[in-house]
2 protein chains.
Amino acid sequence: MYEHTDKERLLLAVDCIVFGFDGEKLKILLIKRGFEPEKGKWSLVGGFLKKNEVLHDAATRILTLYTGLDDVYMEQVGTFSDIDRDPEERTVSTAYYALINIKNHSQKLNRQFSARWFSVEEAPPLIFDHDKMVRYALDRLKIKAETEPIGFELLPEKFTMRQLQNLYEAIWNVSLDKRNFISKVRSLDILEKLDEKDMTSSRKGSFLYRFDAEKYRTVERNRASLNL
Amino acid sequence: MYEHTDKERLLLAVDCIVFGFDGEKLKILLIKRGFEPEKGKWSLVGGFLKKNEVLHDAATRILTLYTGLDDVYMEQVGTFSDIDRDPEERTVSTAYYALINIKNHSQKLNRQFSARWFSVEEAPPLIFDHDKMVRYALDRLKIKAETEPIGFELLPEKFTMRQLQNLYEAIWNVSLDKRNFISKVRSLDILEKLDEKDMTSSRKGSFLYRFDAEKYRTVERNRASLNL
DNA sequence: ATAATAAGTGTAAATCGTACACAAAAAATC
DNA sequence: GATTTTTTGTGTACGATTTACACTTATTAT
């Protein structure tokens, strides 16, 4: 019950799992901590909730601080409360995941915070319970990708079919049949095929596509399933 | 960044959306608050996180306090942080939902806390942001029900096919075809048909079923989909 | 005997998912 | 300039799943 003696005030942190995609592999943004505790080890980007701030704003603030980006897709993953997760003081942390497009991503972050992209499989061990947060965030991303088209957030404006397929293969850690993938994506009718070709990937070149924002929103509203 | 001046300690509450099922409708457990603020209004059951307690334990503790039940299925829904959600003091709250079987449910709770079951559609307006919490919890329950057999938690040991169908109809707010429903459920092979009949619902009587815990766990492990 | 009520049961059509292989374009190399 | 290399791009057939759909049965109440 709401008895006064039980009320304990504690620190509430926010940690962000920043997912990015480079056309090949799914990546997360990590920083080498320049401060105690655990100075020198890799961690998620994070900070503390301020008095007159809601969690989502705190997550956005932290993301902007570390990446220079705003207007980023973010979603709450969950709140982690193990007693000794932070050795300094009892701290509960709410994790958010963000989806960002690596190409839009200024390089200043590297200099300031020793931030680096790691592919999800090759990331180093993280401090505190951050590995657990990443696992939860990945699970959420996998589920999200089943019912909502997340490419808008993770891919550059123009991309090839191969890149789109790589994205889903990376998220679900599966390999998909090219023909089935393409026909499924086509049936969703949210892509616009451009006349341009990307010539970097092959001699033949591959056509570029773009999301059709209009159709895309319709699909989002209908929660159309992307069962690949 | 983790600068000391930004650290603000605040209260962390836990609120529980307790779902129950009476064979007909999906219900939630609400209490009429006997304490300020908002004394006399309806709210979720809740409390504050203690210093040496993790969130899940706090949610369990609160549920046991109000219902006398332990060993209940619970899952974190999310953390709600609107600045003025609690008028007394800045309080962030993590919501959990619980699934309980109303029939197992002792009646002592009613006496002690003016707790009552309300069908989800007919619930009164709740204090603070509790209505929002209920909406989120319902969304989570809907998604959960798509991939995991939740009947074990919500139904009495023996139940009729009609009750099972009512449960899914109530959660998803749809009407399902009886024949398709039954053949789908049968194909999952997690139910045991008993020789007993329930005679309360019709003159003919309807056979009772029971979950086969062994098979049930296999299905859970395989994350078999219950696409009804 | 008859009426009323809910239980119980099967099939056909449509949709969706999956498996699968070869030709075309262009550049690089000889 | 012919050949090799590489990646793109495309269609179909089969099986599985989902959906739509209606009548009989058992029993009690009248």
Side-chain angles (χ1 to χ4, degrees), chain A residues 22-25 142 145-147 149 155 158-170 172-210 219 222-228, chain B residues 22-25 145-147 149 151 155 158-170 172-210 219 222-228:
Chain A
D22 64 358
E24 292 280 335
K25 291 189 160 183
K142 285 176 191 183
E146 275 170 25
T147 53
L155 289 165
K158 302 171 183 180
F159 52 87
T160 66
M161 272 290 174
R162 166 61 53 181
Q163 288 170 334
L164 186 60
Q165 184 175 342
N166 284 343
L167 173 59
Y168 282 95
E169 291 185 335
W172 292 327
N173 201 17
V174 293
S175 62
L176 301 169
D177 181 273
K178 187 165 54 155
R179 286 161 292 188
N180 292 342
F181 182 85
I182 290 173
S183 64
K184 182 72 187 179
V185 170
R186 283 239 176 81
S187 75
L188 293 177
D189 193 32
I190 54 176
L191 291 190
E192 185 185 353
K193 188 176 188 171
L194 306 177
D195 288 328
E196 273 175 275
K197 278 189 158 188
D198 171 285
M199 299 307 295
T200 62
S201 62
S202 78
R203 304 170 204 238
K204 184 177 174 181
S206 58
F207 282 104
L208 290 164
Y209 290 79
R210 178 162 60 194
V219 171
N222 297 344
R223 297 261 158 160
S225 152
L226 190 70
N227 271 329
L228 293 167
Chain B
D22 64 358
E24 292 280 334
K25 290 188 160 182
E146 274 170 26
T147 52
L155 289 165
K158 302 171 184 179
F159 51 87
T160 66
M161 272 289 175
R162 166 60 53 182
Q163 288 170 335
L164 185 61
Q165 184 175 342
N166 285 343
L167 173 59
Y168 281 95
E169 291 184 336
W172 290 327
N173 202 16
V174 293
S175 61
L176 302 170
D177 181 272
K178 187 164 54 154
R179 287 161 292 188
N180 293 341
F181 182 84
I182 290 173
S183 64
K184 182 72 188 179
V185 170
R186 283 237 177 83
S187 75
L188 293 178
D189 193 32
I190 54 176
L191 292 189
E192 185 185 354
K193 187 176 188 171
L194 306 177
D195 288 329
E196 276 176 274
K197 278 190 158 188
D198 171 285
M199 299 307 296
T200 62
S201 62
S202 78
R203 310 182 187 212
K204 184 178 176 181
S206 59
F207 282 103
L208 289 165
Y209 290 79
R210 179 161 60 194
V219 171
N222 296 343
R223 295 262 159 158
S225 152
L226 191 69
N227 271 329
L228 294 167

Applying side chain to side chain donor-acceptor pair (under 3.5 Å), name anything that partners [X], two or more places apart in sequence or on another chain.
X	value
A:Glu24	none
B:Gln165	B:Glu169
B:Ser175	none
B:Asn166	none

Taking ring-ring contact (aromatic ring centres under 6.0 Å, His included) as the definition, give me every residue that meets it alongside B:Tyr209, ordered by chain and number, with sequence neighbours left out.
none
Report yes or no: is there a donor-acceptor pair, N or O only, under 3.5 Å between the side chain of B:Arg203 and the base of D:dT27?
no
Name the pairs: protein N/O against N/O of nucleotides 8-12 of chain D, kept only if under 3.5 Å.
unit_1	atom_1	unit_2	atom_2	d
D:dT8	O2	A:Lys204	NZ	2.5
D:dG9	OP1	A:Phe207	N	3.0
D:dG9	N7	A:Lys178	NZ	2.9
D:dG9	O6	A:Lys178	NZ	3.0
D:dT10	OP2	A:Arg186	NH2	3.1

Nucleotide [N], atom [atom2] - distance to [atom1] of [X] in whole Å:
X	N	atom1	atom2	value
B:Lys184	D:dT17	NZ	P	7 Å
B:Gln165	C:dT9	CD	P	14 Å
B:Phe181	C:dA7	CZ	C1'	15 Å

Verify the neighbour count for atom CG of A:Asp177: are there more than 12 heavy atoms of other residues, nucleotides or ligands below 6.0 Å?
yes
